[in-house]
Amino acid sequence: MRPINVVVAHRDPALTENFLQSIQRPFHVVETASCLTEIRNTVARLRAPLAIVDLELISFAELGELCREFPATAFVCTHRLADDAMWSQSLSVGAVDCCVASDLSKILRASDHYIASRESQAVAVA
């Protein structure tokens, strides 16, 4: 798996730090953001194909804007109380998944799944 750039935006600095320590393996550059403007600027600067974003930082409308503005970026959403309704709403605005913020293994699986599917698409096109 080729390393990629990723943006992580989470409201809780302790969870962010724990998460960052857990995700170094498949990612090339990992940068954090703490608000919509930082998410937008960091995704654009890194041309990040993946962003993991806490839905307590941005609204579904803002998530939809990001998904439309950066169609080449997969947005995996997190929330401390994520449920099926939140998952459905996240996907309806363009995210690829929505996970409970503390479930690092599910977030990593969603990210790995995205990375693997993008790599297989790139190979199929080449």
Side-chain angles (χ1 to χ4, degrees):
M1 207 175 288
R2 197 178 87 241
I4 65 167
N5 297 336
V6 65
V7 176
V8 176
H10 200 280
R11 68 170 180 77
D12 182 345
L15 270 178
T16 301
E17 186 58 35
N18 184 29
F19 186 73
L20 291 175
Q21 291 174 4
S22 302
I23 66 169
Q24 294 302 320
R25 64 177 168 66
F27 305 121
H28 179 62
V29 173
V30 179
E31 289 202 21
T32 60
S34 59
C35 66
L36 178 62
T37 302
E38 285 182 15
I39 296 167
R40 181 175 276 122
N41 292 340
T42 307
V43 167
R45 182 173 43 79
L46 293 178
R47 294 185 184 128
L50 178 64
I52 301 166
V53 180
D54 187 349
L55 289 173
E56 291 187 66
L57 285 179
I58 63 172
S59 67
F60 286 109
E62 292 167 331
L63 174 61
E65 289 174 20
L66 288 170
C67 291
R68 285 186 300 279
E69 186 175 343
F70 302 103
T73 301
F75 289 88
V76 175
C77 300
T78 64
H79 193 280
R80 62 189 163 87
L81 303 173
D83 60 12
D84 288 343
M86 198 172 284
W87 176 83
S88 179
Q89 193 167 3
S90 296
L91 269 59
S92 73
V93 298
V96 298
D97 208 342
C98 183
C99 309
V100 174
S102 61
D103 191 349
L104 292 177
S105 64
K106 184 167 191 255
I107 296 166
L108 289 173
R109 278 193 313 274
S111 301
D112 286 345
H113 175 74
Y114 165 74
I115 293 166
S117 80
R118 286 297 275 237
E119 285 184 351
S120 66
Q121 288 173 359
V123 168
V125 170

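Every heavy atom of this structure was used, including side-chain atoms; hydrogens, water molecules and symmetry mates were not.
Considering every non-hydrogen atom in both F75 and F70, the closest pair reads CE1-O, 4.1 Å. Closest non-hydrogen pair, C67 versus A95, comes out as SG-N, 3.7 Å. T73 and A48 make their closest contact through OG1-O, 2.6 Å (heavy atoms, listed as atom of the first residue, atom of the second, distance).
The side chain to side chain contact (heavy atoms under 4.5 Å, CB included) test applied to R11 returns D54, E56, L57, R80, not counting sequence neighbours. With sequence neighbours left out, the side chain to side chain contact (heavy atoms under 4.5 Å, CB included) criterion links D103 to V100, S105, K106. Remark: V96 pairs with A74, V76 by the side chain to side chain contact (heavy atoms under 4.5 Å, CB included) rule, at least two apart or across chains.
Considering T32, I58, V8 as possible partners of I39, the one that fulfils the side-chain contact (heavy atoms from CB on, under 4.5 Å) test is I58.
The side chain to side chain donor-acceptor pair (under 3.5 Å) pairs that include a residue from residues 87-99 are W87-D97, where partners are two or more places apart or lie in different chains. Annotation: salt bridge (Lys or Arg N to Asp or Glu O under 4.0 Å) contacts involving residues 34-53, sequence neighbours excluded, comprise E31-R45, R40-E65, R40-E69.
Put simply, the side chain of L66 does not reach to within 4.5 Å of the side chain of V93, judged on heavy atoms. Side-chain contact between I107 and T78: present, with at least one pair of heavy atoms (C-beta onward) separated by less than 4.5 Å.
Here C77 contributes atom SG and L63 contributes atom CG; the two are 4.0 Å apart, rounded to the nearest 0.5 Å. The distance from atom CG of L55 to atom NE2 of H10, rounded to the nearest 0.5 Å, is 9.5 Å.
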